[in-house]
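Report on the following structure.
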Amino acid sequence: MTSPFSLSRFWAMVLKEFVQMRRDRLTFGMMVGIPLLQLILFGFAINSDPKHLPAAVVNADPGPFSRNLVSGLQNSGYFDIRGGGGTPAQVRRLLDLGQVQFVLSIPSDFSSRLLRGERPEVLLEADATDPAATGNAIAALQQLAEIAVARDLTGPLSRLRRDEPPFELRIHRCYNPEAVTQYNIVPGLMGVVLTMTLVIITALAITRERERGTMENLLATPLRPAEVMLGKIVPYILVGYVQISLILVAARYLFDVPLLGSLMLLYAVSLVFIAANLAVGLTFSTLARNQLQAVQMAFFFFLPSILLSGFMFPFRGMPGWAQGVGEVLPLTHFLRLVRGILLKGNGPAECLPHLWPITLFLAVMLAVGLKRYRKTLD
Amino acid sequence: MTDAGLAIDVEGITKRYGSHTVVNRVGLQVRRGEIYGFLGPNGSGKTTFLRMLCGLLTPDAGSGRCLGYDLLREAGRIKSRVGYMTQKFSHYEDLSIEENLDFIARVYGVADRPAVVRRCLEQLGLTDRRKQLAGELSGGWKQRLALAASLLHNPELLLLDEPTAGVDPKARRDFWEEVHRLAAGGITVLLTTHYMDEAERCHRLAYLAYGDLLASGTPAELVRTSGLRTWRVEGTGAAALVSRLRQLPGANQVVPFGNVLHVSGTDAARLEASLTGLNLAGLHVAPAETGLEDVFIHLMERSRDNFGGKERAS
């Protein structure tokens, strides 16, 4: 008669689990790594009040008031003014390319009209594809700009100080004028879904062969590594396109997201992104010893992708190191591509700067995967 | 020293995993059209050796030629001319029979593929069940499918790793008929087995234990070179005598076969004297032919002694 609960049996089980845990380094690493990663990411990287946002100034007015306005912006800490030279069209292009988040245009008669008390207009164009990234900066600008200018209205000019601001700040929330969050989230979701599903699916691909014993047969055949790898990638590219199409339909008819750019272009750039994700999955597949490990690795890749790419939190709100990690990830660049094409109507020229980092990532991953794919069972 | 008559000609093949030598300087010559049997206890390195022959594993030492191609440098050419049947069913269980055959035929670049696959299905008698998933097949059918798949590309050499494990006697007999028919057609067959009756159906045999090739030759040669002489001890109550007989001077081993005991020893005169001195009532003692099984048990016991019983799980 065996007792319903035996301490010694229980203890044997506990010891066995510890031994297995120690043997399985990856699971152990995940158990430690994921909480750490989340702590670091949520604790430091996520900043819903991003500062030092890149801005460009087109200042046509040589007067002192506009100079003070610009330095006031700079001192607010929200704006990092870089460049400003060039024609308004050139500066505006920086916004299209995503190199700056704001463009401030000061008209040539700003100082003179201010002195005449005519409340001149200043135009601030903001890249509002991600409303969370720009909201606080715009709010800060309205206050800070008034103070910066009002400070100079002393002595004989103090008559110009009135209850209402001495000039009018016009704000254009470009690409997403109503600051609809879905406009930002839905196109972003396309990249997130592709990353999550494609990496996991392919991470299982080779591991499954190994686990089911079919790898032995596969290796005994004249199949070459590249044939196996590409043979496993191509079917899933189609899967990726089906997913993109579904999300596009949902974006258009469910969320009313504007689809400004060329869908052909979107499908074309997606090819590189899908291939990059599949290459990551296959590389994991060659590294993992079983399917569970493969899924864990996929998750390990997915977590920084979703948190550091600018999908969940404004990219420019993250500290430098987090942005650095984010710049490596394909999802970061794909988000910019999708938002650029769908919301800004970007063309091929604007896509190029975000396309090559994904291509580079793809090439490196494929090289690692091919090198790791074992032609033998050794 | 390439001999056109040799399908396999390797020397000093060694495979280590860390400090553990799985295959230790094994040399093997197999003639074309020969059925060569590989025997040995579990974990003796048979599967590892087969995998090295077909390029699945890289030997740590040794060299040689397989079908005239260099084992180390021309693995790709060897692969396309070898049919390999793994111990465990290694086709896709989630693919149908026909899809599996079609996949293999494509991978090997078989000419006139649809016809070859159709003919293969007909020969297997699986034409009606070709849409069935391979995972739903019984062990015997899986074995037949795997053999058929390994033959699709007309290989010159067949490597079969325990092809009849878990297969019923009828299917085993069919299988051996097929193997002999293939060998008669010029295909070389190298297979591993645990069954003595199968060992006796091979042209030549090799015995591998703990990585070492202990003996090789035709079944008759193996019996002769073992130096074993065997007596049968028959009658009621014979089984109870095993431990007593084992202690007889000159008795190397006592193996029960039902009601019969095989008592074997290398020192024939001494063993005969011991047995006649027993004078057991109701028991019949007579000289018998030493069988392959006696030889292999002898080899296994001897290697275990030599290696201090370092047996390991396969």
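The chains referred to below are lettered A, B, ... by the order of the sequence lines, with proteins before strands, and numbering in each begins at 1. In this text, all values refer to a predicted model and were calculated from it rather than measured experimentally. No hydrogens, no waters, no symmetry mates; every other heavy atom, side chains included, goes into these values.
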Looking only at His153(B), Arg77(B), His91(B), most heavy-atom pairs under 4.5 Å shared with chain A are made by His91(B)
_Under 4.0 Å between a side-chain nitrogen and a carboxylate oxygen: does that hold for Arg208(A) and Asp94(B)?_
no
query = Hey, does Phe89(B) have a side-chain heavy atom less than 4.5 Å from the side chain of Arg212(A)?
reply = no
### Message
For a side-chain contact (heavy atoms from CB on, under 4.5 Å) check, start with the C-alpha distance between Phe103(B) and Leu218(A), then their side-chain angles and the critical distance, and finish with the verdict.
### Response
CA-CA 10 Å; Phe103(B) 172 71; Leu218(A) 212 55; 3.6 Å; yes
Closest heavy-atom pair, Thr221(A) versus Tyr108(B), reported as atoms and distance to 0.1 Å, is CA-OH, 3.6 Å
Closest heavy-atom pair, Val107(B) versus Pro222(A), reported as atoms and distance to 0.1 Å, is CG1-CD, 3.9 Å
Applied to residues 21-31 of chain B, the salt bridge (charged side-chain N to carboxylate O under 4.0 Å, His left out) test, sequence neighbours excluded, yields Arg31(B)-Glu34(B)
Contacts of Asp168(B) meeting side-chain contact (heavy atoms from CB on, under 4.5 Å) (sequence neighbours excluded), chain-then-number -> Lys170(B), Ala171(B)
Here the gap from Lys79(B) atom NZ to Leu219(A) atom CG, rounded to the nearest 0.5 Å, amounts to 6.0 Å
Between the side chains of Lys88(B) and Glu216(A), is the shortest nitrogen-to-carboxylate-oxygen separation below 4.0 Å, so that they form an ion pair?
no
